[in-house]
2 protein chains.
Amino acid sequence: MGTAETAAGRGAPEHRHPREVPLQGALAALADPVRLILVRELAASRDWERSCGSFDVPVRKAALSHHFAVLREAGLIEQRDSGARRVNRLRRAEFDARFPGLLDLVLSEKPDRSIAE
Amino acid sequence: MGTAETAAGRGAPEHRHPREVPLQGALAALADPVRLILVRELAASRDWERSCGSFDVPVRKAALSHHFAVLREAGLIEQRDSGARRVNRLRRAEFDARFPGLLDLVLSEKPDRSIAE
DNA sequence: TAAACTGTTCGATCAACTACGAACAGAACC
DNA sequence: GGTTCTGTTCGTAGTTGATCGAACAGTTTA
């Protein structure tokens, strides 16, 4: 059919606005090396540019899918289905309004070399 | 003997300056309900005023001791032995210099009612 | 000296998190 | 049609973290 807006493996992703995210949840979401990579790479990309599989992380897709779910629940990202792939955007403004400075802190920190080891 | 400056159960506590604390460690330290209470109560008290046992937290002393160790390793608090008790202070300025805005975020957030349940 | 108090450490338990492979489902491509 | 690509879900395994009670070691008080 015409333009595709459907899903990949299942229904549309459930989102949570940063406004409804508890501080503890936001901190926990960011206290993980893999998710930090995702957030930083996302911040360096344009909205809706990156699909889930396009990130350079040392985990397989099952774990990756889980991490994206956590970021979604923490109000950090928004996802949209585009054909077979699911594209992402960082909720910069909304998240920063809810937790002023937190995202800046994460993004200004130079990534620690070597994730595992 | 004269003035006591010794320990409670063991040697002097090991500290870590916020400068040497990784962002991930700071976030993880703050992503816990008990430790959030400790930090907030500490912020509302004067330096060296509060002993470890003087906090209103729903855990026993073994767990409490562990939480203080985590806060110490995260550069969030400083401890000093004063006779039988160990007194604390929040490293406001140093921590804020290392992670600008993070502590403010934690302290401006209204404590979520009901820690467990 | 003995008892009470404060806090640490040990060992065990239990819950939560992270990870993987396999199976699945829709989209795109041949 | 079938194959490949993308991502989710499931079941499971390993790791980490929080918690407790008990034992311990100083300090203080009686």
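Computation of the quantities below employed the complete heavy-atom set of this structure, encompassing side-chain atoms and omitting hydrogens, waters and symmetry-equivalent molecules. Every chain is numbered from 1, with letters handed out A, B, ... down the list of sequences.
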S.K.: Got a donor-acceptor contact below 3.5 angstrom from the B:Arg40 side chain to the B:Val106 backbone?
M.R.: yes

S.K.: State whether the side chain of B:Asp96 and the backbone N or O of B:Gly101 hold a donor-acceptor pair below 3.5 Å, judged by distance alone.
M.R.: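 Yes; judged by distance alone, with no hydrogens or angles, the pair exists.
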
S.K.: Here's a test for you: under salt bridge (Lys or Arg N to Asp or Glu O under 4.0 Å), which of B:Arg89, B:Arg16, B:Arg50 qualifies with B:Glu78?
M.R.: B:Arg89

S.K.: Could you state whether A:Val70 and A:Leu76 fall into the same hydrophobic cluster, counting links through intermediate Ile, Leu, Val, Met, Phe, Trp or Tyr residues with side-chain heavy atoms under 4.5 angstrom apart?
M.R.: no

S.K.: Mind listing the residues from residues 67-74 of chain B sitting with a heavy atom below 4.0 Å of DNA chain C? Number order is fine.
M.R.: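 DNA chain C contact set from residues 67-74 of chain B: none.
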
S.K.: Tell me whether A:Arg35 is salt-bridged to A:Glu73, with the criterion being a basic N under 4.0 Å from an acidic carboxylate O.
M.R.: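 Judged by the 4.0 Å cut-off on N to carboxylate O distance, A:Arg35 and A:Glu73 do not form a salt bridge.
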
S.K.: Starting from P on C:dT8, measure out to NZ on B:Lys61 and report it in whole angstrom.
M.R.: 10 Å

S.K.: For B:Leu64 and D:dT19, what is the distance between atoms CG and C1' respectively, to the nearest whole Å?
M.R.: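 Rounded to the whole Å, the gap is 12 Å.
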
S.K.: Round to the nearest Å and state the distance from A:Arg60 atom CZ to C:dC20 atom P.
M.R.: 6 Å

S.K.: Let's see if you can work this out: which of D:dT19, C:dG7, D:dT6 has an atom nearest to the side-chain heavy atoms of B:Arg86?
M.R.: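 It is C:dG7.
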
S.K.: Report the distance from atom CD1 of B:Ile37 to atom P of D:dT19, rounded to the nearest whole Å.
M.R.: 10 Å

S.K.: Identify, with sequence neighbours excluded, every residue that meets side chain to side chain contact (heavy atoms under 4.5 Å, CB included) alongside B:Ala31.
M.R.: A:Leu27, A:Ala28

S.K.: What residues in residues 48-57 of chain A put a non-hydrogen atom under 4.0 Å from any atom of DNA chain D?
M.R.: A:Ser51, A:Cys52, A:Gly53

S.K.: What pairs with A:Val59 under side chain to side chain contact (heavy atoms under 4.5 Å, CB included), at least two apart in sequence or on another chain?
M.R.: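 Per chain and number, A:Val59 pairs via side chain to side chain contact (heavy atoms under 4.5 Å, CB included) with A:Val34, A:Val57, A:Ala63, A:Leu64.
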
S.K.: Report the nucleotide, chosen from C:dA27, C:dT6, D:dC10, that has the shortest atom-to-atom distance to any side-chain atom of A:Ala62.
M.R.: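 Taking heavy atoms from C-beta onward, the closest nucleotide is D:dC10.
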
S.K.: When you compare the side chain of A:Phe68 with that of A:Ile77, does any pair of heavy atoms fall below 4.5 Å?
M.R.: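 Yes; the side chains approach each other to less than 4.5 Å.
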
S.K.: May I have the step-by-step check of side chain to side chain contact (heavy atoms under 4.5 Å, CB included) for B:Val39 and B:Leu90, ending in yes or no?
M.R.: CA-CA 7 Å; B:Val39 168; B:Leu90 188 62; 4.1 Å; yes

S.K.: Judged by atom type as modelled, is there a donor-acceptor pair below 3.5 Å linking the side chain of B:Arg98 to the main-chain atoms of B:Val21?
M.R.: yes

S.K.: Find every protein N or O atom lying less than 3.5 Å from an N or O atom of nucleotides 12-17 of chain D, and list the pairs.
M.R.:
none

S.K.: Respond yes when some side-chain nitrogen or oxygen of B:Arg85 is under 4.0 Å from OP1 or OP2 of C:dG7, and no when none is.
M.R.: no

S.K.: To the nearest 10 degrees, what angle separates the axes at the start and end of the helix from C:dT1-D:dA30 to C:dC30-D:dG1, five pairs each?
M.R.: 10°

S.K.: Taking all heavy atoms of A:Gly11 and all of A:Arg86, pick out the closest pair and write down the distance.
M.R.: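 Closest approach of A:Gly11 to A:Arg86: O-NH2, 3.2 Å.
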
S.K.: Expressed as a whole number of angstroms, how long is the span from B:Asp81:CG to D:dA25:P?
M.R.: 17 Å

S.K.: Taking B:Asn88's backbone N and O only, do any of them form a donor-acceptor pair with B:Asp47's side chain (distance below 3.5 Å, no angle check)?
M.R.: no

S.K.: Could you check whether any side-chain heavy atom of B:Phe95 comes within less than 4.5 Å of a side-chain heavy atom of B:Leu102, counting everything from C-beta outward?
M.R.: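 Yes, side chains in contact.
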
